[in-house]
**Student:** 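I have a structure here, written as structure tokens, and I will follow up with some questions on it.
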2 protein chains.
Amino acid sequence: MTDTKSKHDQTYTISQIADALDISTRTIRFYEEKGLILPKRTAGNQRIYTPRNMARLKLILRGKRFGFSLEEISEMIGMAAANLNEVEQIEKSLKFGDTKLKEIKERKKELELLEQDILATRQKLIKRITQLNREQ
Amino acid sequence: MTDTKSKHDQTYTISQIADALDISTRTIRFYEEKGLILPKRTAGNQRIYTPRNMARLKLILRGKRFGFSLEEISEMIGMAAANLNEVEQIEKSLKFGDTKLKEIKERKKELELLEQDILATRQKLIKRITQLNREQ
DNA sequence: TAAATGGCTGACGTTTACGTAAACTGTAAC
DNA sequence: GTTACAGTTTACGTAAACGTCAGCCATTTA
């Protein structure tokens, strides 16, 4: 064991995070404002992000890419935040998580449908282009 | 062959569509305003929707559920509208469709990640609740 | 044919998710 | 130590995607 900085101690500034995730600093601060993340601060009041904070931001962005609103994502995360409360809270969270899992299953199905829609259009276009080539 | 109304002739009013797809009539008119659908009209200027129109609306809603903006969806659909143009147009559309197919593949992957995030939280919660039960 | 119901077109209002700018403070490099 | 850059808060602005009237026409039903 050495006292060299381990991967665990790695931290990031807000702009490093912004670059890494390709979002604006404004967006990051906005998510904090909405209670989606809570980074620590330096003595000089500047935000510092851990890899854990980073992971959470990635989760948020993933959720967004699937059309979940920030409020919905906030609820999903609230699930994790309930961590150390009473049994009821945890059970409620589990239920919520299960609902989300069902939703994700449905989304998977729909994703297939969307793919097929596009593939069908693709086929039509190819057919049409073949026809045009034959005509000329 | 009879001259009975075939499934092909089936039409719907705007509120029938709204009920069937669980969206507001305002939303439907809004999509029309944005050029996403173009229903025929009755003599009295009321909108009439065919099953084809219905299918398109379903496609729009599917796209939305995956976080595509209406403008993006509009482009996807433009793909279909290019149907009877020149070769270049069609080729451009094909390219666009392929891009979307790639995006969909990525989304599928991310959907898996999202699912795993939730499952991981689920595991933690279950572990915690088991612990609480043992303590009591 | 009158009344209820549904649809049509504006037009303004609202919510979500940030963008942008101002005015100030902290930090790094010279 | 000062200049330049990065970060902070506060506040107003904005685009997308509808919601919600209002005032008018169409259609169905009693």
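All of these numbers come straight from a predicted model, not from anything done at the bench. We use all heavy atoms of the structure for the numbers below, so side chains are in, but hydrogens, waters and symmetry mates are not. Every chain is numbered from 1 and lettered A, B, ... according to where its sequence line falls, protein lines coming before strand lines.
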**Student:** Holding to salt bridge (Lys or Arg N to Asp or Glu O under 4.0 Å), I want the full list of residues that pass it with R134(A), two or more places apart in sequence or in another chain.
**Tutor:** none

**Student:** Could you state the CD-P distance from E33(B) to dG19(D), rounded to the nearest angstrom?
**Tutor:** 13 Å

**Student:** Can you measure Q46(B) atom CD to dT28(D) atom C1' for me and round it to whole angstrom units?
**Tutor:** 11 Å

**Student:** Answer yes or no: does a side-chain N or O of R47(B) lie under 4.0 Å from OP1 or OP2 of dC8(C)?
**Tutor:** yes

**Student:** Under the rule for side-chain contact (heavy atoms from CB on, under 4.5 Å), what residues qualify as partners of I14(B), not counting sequence neighbours?
**Tutor:** T25(B), I28(B), R29(B), R47(B), Y49(B)

**Student:** Could you check how far CG of N45(A) sits from P of dC24(C), rounded to whole Å?
**Tutor:** 17 Å

**Student:** What is the distance from atom CG of L59(B) to atom CE of M54(B), rounded to the nearest 0.5 Å?
**Tutor:** 14.0 Å

**Student:** What's the CD1-P distance between I48(B) and dT27(D), to the nearest Å?
**Tutor:** 11 Å

**Student:** Look up atom CG in L94(A) and atom CD1 in I126(B), then write down how far apart they are to the nearest 0.5 Å.
**Tutor:** 5.5 Å

**Student:** Mind calculating the distance between OH (Y49(A)) and C1' (dT8(D)) to the nearest angstrom?
**Tutor:** 11 Å

**Student:** From the options dG7(D), dC8(C), dG7(C), select the nucleotide whose nearest atom is closest to the side chain of T13(B).
**Tutor:** dG7(C)

**Student:** Would you kindly compare T42(A) and G44(B) by the position of their nearest DNA chain C nucleotide and give the one closer to the 5′ end?
**Tutor:** G44(B)

**Student:** Which letters describe nucleotides 13-18 of chain D, given B = protein heavy atom under 4.0 Å from base, S = only from sugar-phosphate, - = neither?
**Tutor:** ----BB

**Student:** To the nearest Å, give me how far apart CD (E32(A)) and C1' (dA17(C)) are.
**Tutor:** 16 Å

**Student:** Does NZ or CZ of R107(A) come closer than 6.0 Å to the centre of the six-membered ring of F68(A), within 45° of the ring's axis?
**Tutor:** yes

**Student:** Can you tell me if N53(A) uses its side chain to pair, donor with acceptor, with the backbone of T50(A) under 3.5 Å?
**Tutor:** yes

**Student:** Could you tell me how far apart I28(B) (CD1) and dC8(C) (C1') are, to the nearest whole angstrom?
**Tutor:** 14 Å

**Student:** dT9(C) phosphate, OP1 or OP2: any side-chain N/O from R41(B) under 4.0 angstrom?
**Tutor:** yes

**Student:** Just checking R29(B): base, sugar-phosphate only, or nothing, at a heavy-atom cut-off of under 4.0 Å?
**Tutor:** base

**Student:** Would you give the length of the straight line joining atom CD of E110(B) to atom CG of D117(B), rounded to the nearest 0.5 angstrom?
**Tutor:** 11.0 Å

**Student:** Atom CD of Q16(A) and atom P of dC5(D): how far apart are they, to the nearest Å?
**Tutor:** 18 Å

